[in-house]
Amino acid sequence: MPSSFIQTLKSLILDRVHTLFDLKLEDVAVEIPPRPNFGDLAFPVGFELAKRLRESTGQKQNPRALAEQLRTVLGHPPGISKVEVAGPGYLNFFLDRADFLLTPLPLATPSATDEKAIVEHTSINPNKAAHLGHLRNAVLGDTLVRLLRASGARVEVHNYIDNTGVQVADVVFGFYWLEKKSKTEVQNLPGRFDYYCWDLYTRVGDYFRQNPEERLRRSVSVLREIEERYRPSVTGLVNPLDNEITGIAEVVVNRIIDCHLKTMARLGIRYDLLPRESEILSGRFWERAKELLQEKHGLVVRETEGRNQGCLVMRAESEPRDAPAKADKTSDSDEEYDQDKILERSDGTVTYTGKDIAYHLWKLGKLGKDFCYAQLTKDPDGQQTWITSSIQPPPGSPSPPSFGGGAYYLSVIGSEQSYLQKFVKQALVELTHDPSDARIAHIAYEKVALTPAAIAELGIELSEEEAGRQRIGMSGRRGLGIKADDLIDRLEACAFEEVATRHPELDDARQRLIAHQIGVAALRYFLLKFSRTTVIVFDFKEALSFDGETGPYLQYSVVRANSVLEKLAASGLEQLELASLPSEQIASLLTGDDGDELWGLIYLGARLDLAIEEASANLEPAILAKFTYQLAQRFNLFYHHYRILSEPDIARRTLLIGILKTAGNGLARALEIMGIEVPECM
RNA sequence: GCGCCCGUAGCUCAACGGACAGAGCAACGGACUUCGGAUCCGUAGGUUGGAGGUUCGAAUCCUCUCGGGCGCACCA
């Protein structure tokens with residue numbers, strides 16, 4: 001694999017440092033200088049050298065003088081026009097602009113391997129409509145997938161379905177006891193099923209707040225019943241549909257999954273596999289995982305006394321493994337917490353953490369078990385989505401691809417679950433003997449919150465305490481949130497209004513397509529521009545805006561570039577290949593103030609690969625989002641500053657067109673990774 | 001009590017330990033007889049919550065402190 005241009009320069013510097021100062025540095029820092037007159041690549045190597053030489057010789061050295069010494073032995077690296085020493089000890093490299101434009105040097109190289117990555121995202125409880133908080137998860141996850149694929153990785157996308165949890169049980173309780181509906185009635189309920197469940201779920205929550213004893217008697221029994229159905233017994237599996245309660249659960253889950261997939265498809269988000277929790281139970285994944293865990297001495301313990309008596313627990317890292325549970329744990333007061341994590345309850349059932357460990361072992365191909373699969377959907381473009389199944393597929397069914405067995409995995413899960421995920425990761429790292437635990441990652445992100453004002457706008461009442469707070473997190477449990485489809489509808493409606501007035505000549509279908517593309521761009525960029533650790537405080541005005549730092553602004557830039565190219569093609573103007581120009585001519589056009597400005601755009605566009613690399617390495621799509629916006633700004637400046645079609649000088653015009661194409665292509669590529677389409681016009 | 005995240009312009013957010021802390025929004029003032037103004041330019045706005053420390057260099061790392069969020073279930 002060819003190493004990147006930056007890597008080559010680094011090696012050169014390290015080599016010269018070695019011969020000149022007899023010093024072996026492992027690496028040397030590189031940065032993009034803050035101002036163009038500082039060159040294109042800066043190495044603050046003088047400082048590092050001074051420090052290291054002082055450590056080894058005890059003598060103080062001048063960083064700038066050291067950089068100067070280094071400069072004299074660098075020679076003339078290919079692609080570099082000059083090297084300057086600047087500031088208190090920087091080594092600044094100036095790229096050969098014309099050469100670079102004609103044959104761009106690779107600033108970053110894709111870290112392509114043949115290994116399979118498994119990315120899990122979305123994973124919404126299948127009992128209600130998706131809200132904006134869920135969209136943040138899905139858009140982050142989907143963009144990570146696209147980002148990894150852009151760096152050449154093989155990625156398998158999972159959307160985990162917790163079809164046996166309390167949330168589903170609560171809605172089943174609502175249908176069965178509050179509404180007295182039959183399985184068939186639930187199946188045939190007309191209208192938006194996910195919206196119906198959204199309201200029902202809220203009503204169930206209210207009901208349980210008023211009748212707490214009902215929760216214990218009814219809902220928990222529903223939960224147990226659902227779990228029982230999927231737990232293999234000596235008589236084998238029971239068909240869940242045979243029973244009214246589990247039948248309702250099955251219907252709810254299937255109908256909601258269908259809604260969620262449709263919602264996500266609007267944003268261009270798809271999945272390869274939907275692993276269901278029921279199959280983790282019926283496939284006895286936990287039993288196998290438990291065996292593996294117990295083979296590791298001291299990793300898990302069956303408590304014989306204390307508050308966790310009878311449970312299988314995993315010791316917190318902070319506590320010594322072999323130590324018995326603290327004696328005073330029975331007398332724990334309210335303010336003292338037990339750090340250990342229960343994996344198996346005293347009644348023998350497994351907790352979420354236990355199931356998650358088993359599931360993730362399977363993801364890495366370390367469980368020694370597999371699911372059965374059924375094809376769920378097949379799109380016209382051939383893309384298939386599969387779902388796990390409790391039964392062997394009938395003969396003649398399409399055979400599934402090989403799922404699981406990834407070299408590593410990334411799970412997009414809210415940061416409020418960090419504590420839990422720490423245990424999952426700890427278990428996984430121990431069981432897989434993989435010291436590179438960075439590749440088993442919980443991608444934590446913060447929630448989308450609402451202001452009390454926005455909640456009031458939704459017509460939801462708050463307690464006095466909450467109304468005084470600055471922001472309140474979305475909660476499906478309380479029906480507190482912006483429903484995903486509502487927001488997408490609103491965005492598309494706003495965009496449609498604009499498109500219809502700007503382009504009355506287009507037919508309705510095309511107007512709607514463009515409005516859809518713009519709405520999705522606004523939403524996806526809005527969710528991506530914040531770094532993962534930032535709590536997004538939702539603001540209608542900001543989210544519905546198409547001006548400034550928004551997705552539509554990015555699209556508009558590409559549309560402008562495309563429009564110039566169309567006009568150019570139609571104009572019959574004489575066109576030359578950029579490569580046909582003498583490089584001295586290009587060089588002179590890229591000199592001076594004008595040249596600096598043009599070069600700035602060329603060089604920024606070339607750094608897209610660096611941004612992609614950085615975003616992948618940090619698993620932070622916001623890095624790419626911010627970069628793309630910067631590139632679009634720069635492009636718009638260029639667009640405004642230079643008339644391309646009316647440029648009389650053909651050499652200059654050729655250069656401008658070349659730059660426009662490069663920048664436009666770069667922007668389009670970045671948008672593709674963010675899942676944003678380029679409309680035909682805007 | 002313990003753990004994690006966050007305090008940067010009026011508001012919302014950026015800034016691999018590097019050179020003078022940058023954008024958008026809001027405000028105000030401008031832009032060629034348009035390759036489309038969903039654009040561009042300018043003005044104004046900052047002791048990076050506070051105090052110490054490490055470093056040639058700190059918004060960034062360490063300690064303390066103040067303020068906010070989230071966790072710490074035989075729920076997920």
Side-chain angles (χ1 to χ4, degrees), chain A residues 29-35 38 42 44 46-47 50-51 54 60 62-63 86-90 92 125 162 165-167 220 223 277 307-313 316 318 333 335-339 341-347 349-353 355-356 414-420 422 444 446-447 449 469-471 473 495 498-499 502 518 529-537 539 541-542 545-550 552-553 555-557 559-561 563-568 571 614 617-618 622-623 625-626 629-630 633 636-637 639-647 656 660 681-682:
Chain A
V30 60
E31 57 194 79
I32 307 296
R35 276 190 299 286
F38 289 159
F47 311 112
K51 185 191 288 182
R54 186 162 48 93
K60 261 189 140 176
N62 179 351
Y90 287 94
N92 290 341
N125 267 303
D162 180 6
V166 278
Q167 295 214 16
V220 170
L223 183 62
E277 185 157 287
R307 58 147 66 163
N308 291 339
Q309 187 175 2
C311 298
L312 188 74
V313 307
S318 54
S333 56
E335 65 243 37
E336 193 169 335
Y337 295 94
D338 190 335
Q339 297 296 307
K341 193 69 217 167
I342 291 168
L343 302 182
E344 198 176 83
R345 304 182 186 100
S346 53
D347 67 358
T349 57
V350 55
T351 62
Y352 164 77
T353 313
K355 281 179 278 198
D356 221 31
S415 60
E416 74 275 5
Q417 290 197 38
S418 295
Y419 176 77
L420 240 56
K422 225 176 62 188
E446 276 295 345
K447 58 187 57 179
R469 285 162 55 180
Q470 296 197 318
R471 57 195 189 208
E498 285 291 327
V499 174
R502 288 166 195 243
I518 292 173
K529 73 174 175 179
F530 301 96
S531 57
R532 288 189 280 111
T533 53
T534 299
V535 177
I536 298 178
V537 182
D539 179 74
K541 218 177 102 199
E542 191 190 353
S545 165
F546 299 153
D547 299 330
E549 193 191 343
T550 64
Y553 174 93
Q555 292 175 308
Y556 188 63
S557 312
V559 167
R560 280 179 140 178
S563 161
V564 175
L565 294 176
E566 274 169 36
K567 289 247 162 48
L568 176 71
S571 69
E614 201 190 334
N618 294 294
I623 292 174
K626 291 282 177 186
Y629 174 65
Q630 213 187 322
Q633 264 186 317
N636 276 312
L637 183 61
Y639 176 91
H640 187 261
H641 201 135
Y642 299 93
R643 293 305 114 65
I644 292 165
L645 297 183
S646 54
E647 170 58 50
L656 294 178
L660 178 109
C681 65
M682 281 179 79

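Below, chain A is the first sequence line, B the second, and so on; all start at residue 1. Just so you know, these numbers use all the heavy atoms, side chains as well, and skip hydrogens, waters and symmetry mates.
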CG of A/L343 to OG1 of A/T349, rounded to nearest 0.5 Å, is 11.5 Å
Write down the distance between CD (A/Q630) and P (B/A15), rounded to a whole number of angstrom.
12 Å
Whole Å only: how far is the CG atom of A/N308 from the C1' atom of B/A73?
10 Å
With no hydrogens and no angle check, just 3.5 Å: does a side-chain donor-acceptor pair link A/S415 and A/S418?
no
Could you check whether A/L660 gets within reach of a base, just the sugar-phosphate, or nothing at all, counting any heavy atom under 4.0 Å?
nothing
Any donor-acceptor pair under 3.5 Å between the side chain of A/E31 and the base of B/C16?
yes
Out of B/C72, B/C35, B/C13, whichever nucleotide has its closest atom nearest the side chain of A/Y639
B/C35
Given B/A14, B/C74, B/C25, the nucleotide with the shortest approach to the side chain of A/S346:
B/C74
Separation of B/G69 atom P from A/E446 atom CD, nearest Å, is 12 Å
Give one of base, sugar-phosphate or nothing for A/S418, where a contact means two heavy atoms less than 4.0 Å apart.
nothing
Look up atom CD in A/E647 and atom CG in A/L656, then write down how far apart they are to the nearest 0.5 Å.
6.0 Å
Base, sugar-phosphate alone, or nothing: which one does A/E566 contact when heavy atoms must sit under 4.0 Å apart?
nothing
A/R502 side-chain N/O to A/M682 backbone N/O, donor-acceptor pair under 3.5 Å:
no
Taking any heavy-atom pair under 4.0 Å as a contact, classify A/E647: base, sugar-phosphate, or nothing.
nothing
Using the P atom as the reference point in each nucleotide, state the distance between B/C74 and B/G17 in Å, no decimals.
39 Å
If you check the A/E549 side chain, which of B/A19, B/C40, B/A23 turns out closest?
B/A23
Contact class for A/L637 vs. all strands (heavy atom < 4.0 Å): base, sugar-phosphate, or nothing?
sugar-phosphate
Nearest-nucleotide check on RNA chain B, A/A495 vs A/P34; residue mapping nearer the 5' end is A/P34
To the nearest angstrom, the CG-C1' distance between A/D539 and B/C13 comes to 13 Å
Hey, could you give me the CZ/NE2 distance between A/R560 and A/H640, rounded to the nearest 0.5 Å?
8.0 Å
Whether A/N618 side chain and A/E614 backbone form a donor-acceptor pair below 3.5 Å:
yes
note: A/K341, atom NZ; B/G3, atom C1'; distance rounded to Å ~ 14 Å
Please find the pair of heavy atoms, one from A/S571 and one from A/L568, that lie closest to each other, and give the distance.
OG-O, 2.7 Å
Report which part of the nucleic acid A/N92 touches: base, sugar-phosphate, or nothing (heavy-atom distance under 4.0 Å, all strands).
base
Less than 4.0 angstrom between a side-chain N/O of A/Y629 and OP1 or OP2 of B/G22, yes or no?
no
Contact list (N/O, under 3.5 angstrom) for nucleotides 54-60 of chain B vs protein:
| unit_1 | atom_1 | unit_2 | atom_2 | d |
| --- | --- | --- | --- | --- |
| B/C56 | OP1 | A/R54 | NH2 | 2.6 |

Establish, with yes or no, whether the OP1 or OP2 oxygen of B/A38 is under 4.0 angstrom from a side-chain nitrogen or oxygen of A/R502.
yes
C1' atoms of B/A21 and B/G46, separation to the nearest Å:
9 Å
Between A/G473 and A/Y553, name the one whose nearest nucleotide on RNA chain B is closer to the 5' end.
A/Y553
Looking only at B/G37, B/C40, B/C20, the nucleotide nearest the A/R35 side chain is B/C20
What contact category does A/A444 fall into here, base, sugar-phosphate, or nothing, at under 4.0 angstrom with non-hydrogen atoms?
nothing
Is A/Y556 close enough to B/A38 that one of its side-chain N or O atoms is under 4.0 Å from OP1 or OP2 there?
yes
Please tell me if A/R643 has a side-chain N or O lying less than 4.0 Å from either OP1 or OP2 of B/U33.
no
Under 4.0 angstrom between A/S415 side-chain N/O and B/G69 OP1 or OP2:
no
Side chain of A/R471 - closest among B/G68, B/A76, B/C40:
B/G68
Backbone N or O of A/C311 within a donor-acceptor pair of the A/N308 side chain at under 3.5 Å?
no
Taking B/U65 as the reference, what is the distance to B/U55 when you measure between their P atoms (whole Å, please)?
23 Å
Mind checking A/V30 for me? I need base, sugar-phosphate or nothing, with any heavy atom below 4.0 Å counting as a touch.
base
Which nucleotide, if any, forms a Watson-Crick or G-U wobble pair with B/U60, using both distances under 3.5 Å?
none
Scan every strand shown for a Watson-Crick or G-U wobble partner of B/G7, both distances under 3.5 Å, and answer none if you come up empty.
B/C66
Once you apply a heavy-atom cut-off of 4.0 Å, does A/S557 come out as touching a base, just sugar-phosphate, or nothing?
nothing
What integer number of Å spans the P atoms of B/A31 and B/G68?
48 Å
In terms of side-chain heavy atoms of A/K567, which of B/A14, B/G36, B/C74 is nearest?
B/G36
Sub-3.5 Å donor-acceptor pair from the side chain of A/S545 to the main-chain atoms of A/E542, do we have one?
no
Against the side chain of A/A29, the closest entry in B/C13, B/A19, B/C16 is B/C16
From C-beta outward on A/C311, which listed nucleotide comes closest to its side chain: B/U39, B/A14, B/C74?
B/C74
On a whole-Å scale, what distance lies between the C1' atoms belonging to B/G69 and B/C16?
27 Å
Atom OH of A/Y556 and atom CG of A/N636: how far apart are they, to the nearest 0.5 Å?
8.0 Å
With a 4.5 Å heavy-atom cut-off, do A/K341 and A/L420 have their side chains touching?
yes
A/L420 CG to B/A76 P, straight-line distance once rounded to whole Å:
9 Å
With a 3.5 angstrom cut-off on both distances, give the Watson-Crick or G-U wobble partner of B/C2, or none if there isn't one.
B/G71
Hey, does A/S545 reach any base, or is it just sugar-phosphate, or nothing, if we go heavy atoms under 4.0 Å?
nothing
Are A/T533 and B/C5 close enough that a side-chain N or O sits under 4.0 Å from OP1 or OP2?
no
Considering only the P atoms, how many Å lie between B/A15 and B/C5, rounded to the nearest integer?
16 Å
Picking from A/Q633, A/K626, A/K529, A/Q630, what satisfies side chain to side chain donor-acceptor pair (under 3.5 Å) with A/E549?
A/K626
If we take the P atom in both B/C41 and B/G24, what is their distance in whole Å?
8 Å
A/Q417 atom CD is separated from B/G71 atom P, nearest whole Å, by 10 Å
Provide the distance between the two C1' atoms, one in B/A9 and one in B/U47, to the nearest whole Å.
13 Å
Ring of A/F38 versus six-membered ring of B/A19: centres under 5.5 Å and planes under 30°?
yes
Selected nucleotide, minimal atom distance to A/S563 side chain, candidates B/C32, B/A19, B/G36
B/G36
Mind calculating the distance between CE (A/M682) and C1' (B/G36) to the nearest angstrom?
11 Å
